[in-house]
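Indexing begins at 1, ligand by ligand and atom by atom, following the structure's order. Note that the structure is predicted; figures quoted are calculated from it, not measured.
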Amino acid sequence: MDVLISSTAIFTPLKNSVLVRPAPPGSLILKPRFPENSVGFHRGAAVRATAIDLSDPEWKLKYQRDFEERFSIPHITDAFPDAKAIPSTFCLKMRSPSYINNKDRVLLKVINYSSPASAGAVCIDPGCTWIEQWVQRAGPREKIYFRPEEVKAAIVTCGGLCPGLNDVIRHIVITLEIYGVKNVVGIPFGYRGFSDKNLPEIPLSRKVVQNIHLSGGSLLGVSRGGPTVMEIVDSMESRGINMLFVLGGNGTHAGANAIHNECIKRRMKVAVVGVPKTIDNDILHMDKTFGFDTAVEEAQRAINSAYIEAHSAYHGIGVVKLMGRSSGFIAMQASLASGQVDICLIPEVPFNLHGPDGVLKHLKYLIENKGSAVICVAEGAGQSFLENTNAKDASGNKVLGDIGVHIQQETKKYFKEVGVSADVKYIDPTYMIRAVRANASDGILCTVLGQNAVHGAFAGYSGITVGIINNHYAYLPIPEVIAYAKSVDPNSRMWHRCLTSTGQPDFL
Ligand SMILES: Nc1ncnc2c1ncn2[C@@H]1O[C@H](COP(=O)(O)OP(=O)(O)OP(=O)(O)O)[C@@H](O)[C@H]1O
Ligand SMILES: O=P(O)(O)OC[C@H]1O[C@](O)(CO)[C@@H](O)[C@@H]1O
Ligand SMILES: [Mg+2]
């Protein structure tokens with residue numbers, strides 16, 4: 001039997017066959033917008049599908065080899081075999097740093113599932129065979145491929161805001177200076193800053209970035225849409241940029257990978273390194289992305305206010321909408337953390353508002369039995385109830401309808417119809433959450449990600465991104481982390497824990 005292995009090959013007990021699921025249903029699949037710019041010089045540079053025959057006694061070995069190849073990270077010597085390494089210039093004042101060996105690895109999956117029936121199981125074959133999957137450990141290397149005096153490093157922040165952007169910028173600049181780099185610039189307002197003649201580069205130094213982490217937002221500004229990859233690389237060429245640090249989500253990383261490929265095509269010796277930024281936490285393989293923890297923490301204020309309002313009113317109902325375009329991680333974690341939410345609605349779990357098993361019927365039950373209720377809804381949930389305008393933002397992302405307003409209106413209408421009084425209050429804290437400064441745990445995450453981004457670039461890697469995996473830091477090839485948007489698994493323990501906490505039934 002043939003099995004296709006892609007980024008997620010998941011066994012389902014269907015006639016002894018293996019279902020290849022490149023992305024869970026409803027996932028946002030990101031296709032490079034500029035495929036013509038892709039070169040794919042690197043062995044593992046694309047998320048490919050490889051046929052594996054489960055009846056082959058060697059299939060496990062072959063799967064492992066395929067995995068290793070997919071997750072090997074592009075290096076400057078792949079395209080420039082003659083590139084010379086020099087001893088690292090990264091030195092700390094107090095003591096010499098300990099280096100990471102290029103062969104050091106981090107284990108990607110740490111659960112050995114005994115059966116496909118285990119909660120959240122991701123199995124490759126019917127027996128759920130344990131297969132070790134290792135990825136590259138991040139950190140400073142003993143040999144570097146760039147001379148600091150020849151480096152012009154640029155930092156760009158793209159997409160929406162996210163707590164911690166300034167922390168990452170700050171640590172990229174500080175670490176570059178420790179390596180001895182003198183020429184560091186910020187590109188203003190995302191990729192747009194590469195083409196807009198009215199937006200000059202922002203010179204960056206330790207002095208400039210010293211206190212920027214004390215406020216939210218991005219020192220450099222952000223934007224969606226902007227120039228093509230060709231225009232960006234033209235601009236990099238004319239500015240002499242040979243290290244590019246790109247902070248952004250899936251879209252930004254798709255751009256970063258295309259930039260990396262275009263640089264190779266033009267024979268430019270450039271390191272392009274991404275740092276995943278999204279409060280939605282929808283980047284594959286990582287424990288979490290920076291800003292997510294802060295978003296969950298900040299959401300507590302809104303949920304608590306909704307609870308107090310609802311609790312203090314006669315038949316009070318509080319509705320809180322949180323961000324999460326296609327993934328409900330913030331809503332799920334915030335609901336869990338607060339312990340004040342009765343109904344959590346996320347894009348991954350379909351629900352009915354009306355009908356005998358719908359949300360509204362359950363709300364009536366809560367009002368009659370508890371006296372008040374709180375709903376926490378992710379912005380991407382229940383979009384099928386809203387008019388589809390087919391509108392897109394400048395980056396091509398679908399513009400969503402406001403599910404929070406819809407729930408508020410439908411709730412008011414429903415309670416009027418059934419003749420039960422209800423006092424409905426709607427809170428939309430989304431932009432207030434996104435604009436705050438990073439909390440302590442995100443501050444640490446950003447610091448380490450920023451430092452490791454610089455170590456990765458100096459080590460000669462390009463087309464990579466950096467993430468925290470099982471509490472260790474790793475480098476991953478960009479295509480593997482943006483194959484599709486990570487989403488909440490409705491069969492996961494975490495979602496079941498959330499249901500245990502809210503006590504909500506299925507709404508179908
Ligand atoms: N497939 C792609 N190829 C090249 N560039 C892209 C691609 N998708 C998006 N971009 C560019 O990346 C930038 C950011 O994209 P987008 O607005 O989708 O945000 P994002 O990085 O996904 O972050 P967020 O999590 O805030 O949505 C934009 O300037 C956009 O033009
Ligand atoms: O309104 P903006 O700035 O385009 O961003 C909104 C989007 O940004 C995100 O927070 C991702 O960064 C999504 O959850 C949300 O849909
Ligand atoms: Mg995106």
Asker: Which ligand 1 atoms, with their elements, are less than 4.0 angstrom from a heavy-atom of N397?
Answerer: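 Listed by number with element, the hits are 16 (P), 17 (O), 18 (O).
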Asker: Looking only at non-hydrogen atoms, which of G248, A258, G251 approaches atom 22 (O) of ligand 1 most closely?
Answerer: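 Checking each option, the heavy atom nearest atom 22 (O) of ligand 1 is found in G251.
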Asker: Tell me which one of I330, D282, I279 satisfies side-chain contact (heavy atoms from CB on, under 4.5 Å) with F292.
Answerer: I330
Asker: Output yes when the distance from some N or O of ligand 1 to some N or O of S223 is under 3.5 Å, and no in every other case.
Answerer: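 No, there is no polar N/O contact under 3.5 Å.
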Asker: Where does the angle between the aromatic ring planes of F458 and F146 fall among parallel (under 30°), tilted (30 to 60°) and perpendicular (over 60°)?
Answerer: perpendicular
Asker: Taking C-beta and beyond as the side chain, do P203 and V184 meet within less than 4.5 Å on heavy atoms?
Answerer: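 No, every pair of side-chain atoms sits at 4.5 Å or beyond.
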Asker: Would you say Y431 and ligand 2 have an N/O pair spaced under 3.5 Å apart?
Answerer: yes
Asker: Taking the basic N atoms (NZ, or NE/NH1/NH2) and the acidic carboxylate oxygens, is any pair closer than 4.0 Å for E237 and R266?
Answerer: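 Between R266 and E237 there is a salt bridge, with a charged N closer than 4.0 Å to a carboxylate O.
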Asker: Return a yes/no value for G159: is any of its N or O atoms, backbone included, closer than 3.5 angstrom to an N or O of ligand 1?
Answerer: no
Asker: Would you mind listing which atoms of ligand 1 come within a distance below 4.0 Å of any non-hydrogen atom of R224?
Answerer: 16 (P), 17 (O), 19 (O), 24 (P), 26 (O), 27 (O), 29 (O)
Asker: I'd like to check which ligand 1 atoms, numbered from 1 as shown, lie under 4.0 Å from a non-hydrogen atom of G160.
Answerer: 26 (O)
Asker: For ligand 2, is G324 a contact, meaning one of its heavy atoms is under 4.0 Å away?
Answerer: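 Within the 4.0 Å threshold, so yes.
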Asker: Please identify which atoms of ligand 1 are closer than 4.0 Å to at least one heavy atom of G249.
Answerer: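 Close to G249: 20 (P), 21 (O), 22 (O), 23 (O).
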Asker: Please say whether H253 places an N or O atom under 3.5 Å from an N or O atom belonging to ligand 1.
Answerer: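 There is no such contact.
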Asker: Looking at the rings of Y475 and F71, which for Trp means the six-membered one, are their centres under 6.0 Å apart?
Answerer: no
Asker: Mark yes or no for whether N352, through its side chain, and H354, through its backbone, hold a donor-acceptor pair below 3.5 Å.
Answerer: no
Asker: Measuring from non-hydrogen atoms of D280 to any atom of ligand 2, is the shortest distance under 4.0 Å?
Answerer: yes
Asker: Can the positive tip of R224 be found less than 6.0 Å from the middle of the six-membered ring of Y191, inside 45° of the ring normal?
Answerer: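 No - R224 does not lie over the ring of Y191 by the 6.0 Å and 45° rule.
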Asker: In this structure, are over 12 heavy atoms from other groups packed under 6.0 Å from N491 atom CG?
Answerer: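 Yes, enclosed.
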Asker: If the cut-off is 4.0 Å to any non-hydrogen atom of R325, which atoms of ligand 1 fall inside it?
Answerer: 27 (O)
Asker: Which of these, E379, M323, R434, R325, has its nearest heavy atom closest to atom 5 (O) of ligand 2?
Answerer: R434
Asker: If you have a sec, work out which protein heavy atom is nearest atom 4 (O) of ligand 2 and how many Å separate them, to one decimal?
Answerer: R224 NE, 2.9 Å
Asker: State the atoms of ligand 1, each with its element, that fall below the 4.0 Å cut-off from a heavy-atom position in K277.
Answerer: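 Every atom of ligand 1 under 4.0 Å from some heavy atom of K277: 23 (O), 24 (P), 25 (O), 26 (O).
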Asker: Can you confirm if the NZ or CZ of K486 lies within 45° of the ring axis of F329 and under 6.0 Å from the centre of its six-membered ring?
Answerer: yes
Asker: With a distance cut-off below 6.0 Å to the six-membered ring centre and an angular limit of 45° from the axis, does K269 pair with Y145 as a cation-pi contact?
Answerer: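 Cation-pi check for K269 and Y145: fails.
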